[in-house]
Amino acid sequence: MSLLIKGGRLIDPSTGRDGLFNVLVQDGKVAAILPQEESISADVVIDAAGCYVVPGLIDLHVHLREPGFEYKETIKTGSMAAARGGYTSICPMPNTKPVIDSPEMVRWLLDKAKEDAVINIWPVGAVTLGQQGKELADIAGMAKAGAVAISEDGKSVMDTKLYKEGMLEAKKAGITVMAHCEDKCLVGQGALNAGPVADRLGVAGIGNDVEDIITARDILLSKSTGCKLHLCHCSTKDSVAMVQAAKADGLCVSAEVCPHHFTLTQDDIPGDDANYKMNPPLRAKADRDALVEGLSEGIMEAISTDHAPHHADEKARGIAKAPFGIVGSETALALTMTYLVHTGKLTPYAMVERMSSRPAQIIGIDRGSLAEGKIADIAIIDPDREYVIDSSDFASLGKNTPFNGYKVRGKAIMTIVGGEIVYEER
Ligand SMILES: [Zn+2]
């Protein structure tokens, strides 16, 4: 079975290619990258004129909710949502029920994904057993079973000594530590960014220091252990400064930013609407601007979604009581294109770096590249497709987004995994 993707603009930072090429896929792999004028026959020909042809997007941070919370999302629906967003690979966080905290659970997830998922699933194991922060999980065993990283996402391991031991284990196993930075003692009942909006709505605030203190700690621990550290969903201006300093210091530190943090601020919260409640929260304008600049300059190397589906009833409880999180798989690309690419803050090439090639390197997987011989995980993106985000149309079971009704420009129109078309715009 062969597939020819014709007439598109191939953007592939792994090879430095950015231009008009035809891409031939054969037996699930990239068989040839041909000059546009060179025609070749194939079983299926896809007209990609006017579109970007890029290595499939890679999301380092999603919540699939299975096992344990299948009413919010399943491996199947979460993977379908990601495919619609142009993603061919996703990393589900381990905070399910039970927690992904053993080689057996990692294997269970991979087996289940093989049956149910339409894209590649790269497991992330917990740092501690049951994410209880008391005892280290079998990190070496999970890495051997296929975990590409460990994370306590949803919280931080507050016991610094234990965390350091976990980092050393991760280093030995050759996997990345993904850090959710939040000082548990400091956050209290915080629901929104500390400031006038939280005050007006009568909810407790989450200061930047809640995140920054643990970010600083984790960077220092990465320095003393030498482990690969990836900072999840950075939301503050000081996190950008710290990542910049860590890199200048030669540390193996990378960081991701989520679309809601580079598009919205606390001032966009219209009232008691829990679709604006996520962790970390929407911050001040100075923070948002620093994140955009960090992404532009390549200090912040990855864009991830922190896709966090919840049931509508849970989100209807209001900001004080609703769980944290919003969905992102089906809006991330459009928001990135609309707010960063079409505004000139990020080139299309840099976007592909942030959303595919760098994420692949951060977790050390052989993806994020359309070099000849690589597995054909591909997204075809129409950069000029304008549409209005309609959450009722999501493949995700979660409809919890603050972006419903937003007019955006840029859309994945086809997603190909291992040479198979898994999503095609109707
Ligand atoms: Zn998190």
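In each ligand, atom 1 is the first atom listed, and ligand 1 is the first ligand listed.
Salt-bridge annotation for Glu301 and Arg358: present, with a side-chain N of the basic residue lying under 4.0 Å from a carboxylate O of the acidic one. Arg9 has a carboxylate O that lies under 4.0 Å from a charged side-chain N of Asp18, or vice versa, which qualifies the two as a salt bridge.
No other N/O/S atom of His180 lies as close to the Zn ion (ligand 1) as ND1 does. Its N, O or S atom nearest to the Zn ion (ligand 1) is what matters here, and for Asp153 that atom is OD1.
Glu73 and His307 are linked by a side-chain donor-acceptor pair at a separation below 3.5 angstrom, with hydrogens and angles left out of the test.
Nearest heavy-atom pair across Lys228 and Gly174 is NZ-O, 4.0 Å.
Note on His233: counted as a metal contact of the Zn ion (ligand 1), an N/O/S atom lying under 2.8 Å.
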